Amino acid sequence: MSMALNVDDLVQEMLAAAETAFGSEWKQVKAFVPTEFKKMGLQLADIADNVAKFEADPNDGYPPATGKILLQMQQRALEATLTAVTALTLVSIQNAIDAVFEVLKDGVGGILKELIP
Amino acid sequence: VISPYDVDLDRGIQDFKTKLSQVVSDAASKANTPDGTFDAYRKSYSDLEIGLVMLRDRAFILEAKDVNCSVPAVVKEVLAKFQKASAVMTVTTSAPPNAAPAVVAATDPAPVSPMAIGRQKNLPVAVGCMTRLIDNIALQLTSIETIHARPELCANKDQPALTCMRPAAAAGALAAANDSLDAAQIVQVYKNQGGE
């Protein structure tokens with residue numbers, strides 16, 4: 001049995017695409033994105049492997065139609081991971097805002113201090 | 001900008017993850033038996049959906065004043081390239097020798113889920129990140145139900161009408177669903193740790 005899907009090649013292709021797409025933001029996400037892509041590449045190879053097993057023996061693996069759904073699920077998982085990146089960025093922004101307001105609270109008096117949440 | 005850590009969401013997501021794993025693993029262990037059919041697990045899926053809807057409602061209320069957690073254009077670009085890279089996977093097999101290669105295309109599964117699909121249409125549009133992540137998890141659950149509910153995906157030669165969760169499919173589906181759940185949990189952990 002041989003597979004056309006090469007995990008390393010796929011991961012490298014995804015990484016190259018991501019690095020180009022993220023541009024200057026790449027530094028912020030490169031710590032974990034390669035790990036996620038590698039994990040995903042292995043899952044994609046697993047899907048291909050199981051479809052091949054089914055083709056050889058219908059009692060093994062799963063049908064191509066199941067593979068389609070699992071591919072969709074993998075793409076959705078990647079979307080969730082990247083959405084989490086957006087969320088973490090927003091948390092960092094929120095913390096920075098809170099820190100600034102704390103400084104303001106300590107540094108100002110009178111009516112302004114009462115207005116700062 | 002973004003709502004603070006919420007212990008109920010954190011625990012709820014962990015609880016959902018545990019229950020989902022139990023349901024799918026149990027169904028896989030009973031594949032190709034009457035006890036492993038989709039109908040046998042209808043109540044379990046319904047309970048999972050109810051739990052998820054409650055989490056979604058909570059997140060939606062908590063995030064009412066959050067900024068829009070829109071996925072940046074750059075992320076969409078990465079996803080589009082990912083889709084292109086995995087759009088067609090050609091698998092060649094040694095047996096049967098003259099069989100055409102199986103082609104797996106990354107397309108949306110048809111919505112056959114008996115429970116999840118209808119309700120999602122009526123939900124208010126997600127704004128906050130957690131609500132979006134929970135919607136993502138709901139879609140993963142829908143896909144799991146689809147795999148379990150379709151007889152042709154069980155592909156039992158002797159009982160073509162039987163539905164089941166093949167063990168290999170269960171493993172792949174849980175891996176993807178857990179990635180989505182982990183993403184939601186990471187956000188909660190990050191919030192709980194003060195963004196550090």
Side-chain angles (χ1 to χ4, degrees), chain A residues 1-5 10 13-14 17-18 21-23 25 36-37 39-40 43-44 46-88 90-95 97, chain B residues 1-2 66-67 69-72 74-75 77-79 81-83 85-86 89-96 99 102-109 129-130 132-133 136-137 139-140 143 146-147 150 152-153 155 157 166 168-169 171-173 175-177 179-180 183-184 186-187 190-191 194-195:
Chain A
M1 185 188 304
S2 66
M3 286 191 304
L5 184 67
L10 177 62
E13 191 174 342
M14 290 166 69
F22 275 102
E25 303 297 318
E36 290 297 322
F37 282 7
K39 198 165 64 175
M40 190 156 300
Q43 286 297 322
L44 296 179
D46 190 58
I47 291 170
D49 188 40
N50 276 294
V51 172
K53 282 179 179 172
F54 178 85
E55 297 290 330
D57 176 3
N59 291 317
D60 205 358
Y62 43 70
T66 301
K68 287 182 189 178
I69 296 173
L70 292 176
L71 269 179
Q72 184 73 27
M73 290 184 75
Q74 280 301 323
Q75 188 179 346
R76 215 178 278 138
L78 177 59
E79 190 171 352
T81 301
L82 295 174
T83 301
V85 174
T86 306
L88 300 191
L90 290 174
V91 172
S92 298
I93 292 169
Q94 181 69 63
N95 290 338
I97 291 170
Chain B
V1 176
I2 192 166
D66 282 18
V67 296
C69 183
S70 61
V71 179
V74 63
V75 172
E77 194 177 339
V78 172
L79 284 172
K81 288 184 178 178
F82 164 75
Q83 190 168 23
S86 61
M89 294 160 55
T90 303
V91 183
T92 55
T93 60
S94 54
V103 175
V104 181
T107 53
D108 288 334
C129 293
M130 280 307 296
R132 285 177 187 266
L133 286 167
N136 181 292
I137 293 163
L139 289 170
Q140 300 287 48
S143 290
T146 301
I147 292 169
R150 285 186 176 178
E152 72 271 24
L153 303 185
K157 280 187 300 183
R166 283 180 171 245
D179 279 351
S180 291
I186 284 168
V187 175
Y190 195 69
K191 284 181 175 181

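Numbered from 1 within each chain, the chains take letters A, B, ... in sequence-line order. Keep in mind that what you see is a predicted model, and the values were worked out from it rather than measured.
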Over all heavy atoms of both residues, which pair between [X] and [Y] is shortest? Give the atoms and the distance, please.
{"X": "Leu70(A)", "Y": "Ala169(B)", "answer": "CD2-O, 4.0 Å"}
{"X": "Ala168(B)", "Y": "Asn50(A)", "answer": "CB-OD1, 3.2 Å"}
{"X": "Ala84(A)", "Y": "Leu133(B)", "answer": "N-CD2, 4.4 Å"}
{"X": "Ala173(B)", "Y": "Met73(A)", "answer": "O-CE, 3.4 Å"}
{"X": "Ile69(A)", "Y": "Arg150(B)", "answer": "CD1-NH1, 4.4 Å"}
{"X": "Ala77(A)", "Y": "Ala176(B)", "answer": "CB-O, 3.6 Å"}

For each of Ala184(B), Gly172(B), Ala171(B), Ala177(B), tally heavy-atom pairs with chain A at distances under 4.5 Å, and name the one with the top tally.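 Looking at each option in turn, the highest pair count goes to Gly172(B).
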[atom1] of [X] to [atom2] of [Y]: how many Å apart, nearest 0.5 Å?
{"X": "Leu153(B)", "Y": "Lys68(A)", "atom1": "CG", "atom2": "NZ", "result": "10.0 Å"}
{"X": "Gln74(A)", "Y": "Asp179(B)", "atom1": "CD", "atom2": "CG", "result": "6.0 Å"}
{"X": "Thr66(A)", "Y": "Ile147(B)", "atom1": "OG1", "atom2": "CD1", "result": "6.0 Å"}

Does the side chain to side chain contact (heavy atoms under 4.5 Å, CB included) test come out yes or no for Thr83(A) and Asn136(B), once each step is laid out? CA-CA 10 Å; Thr83(A) 301; Asn136(B) 181 292; 5.9 Å; no
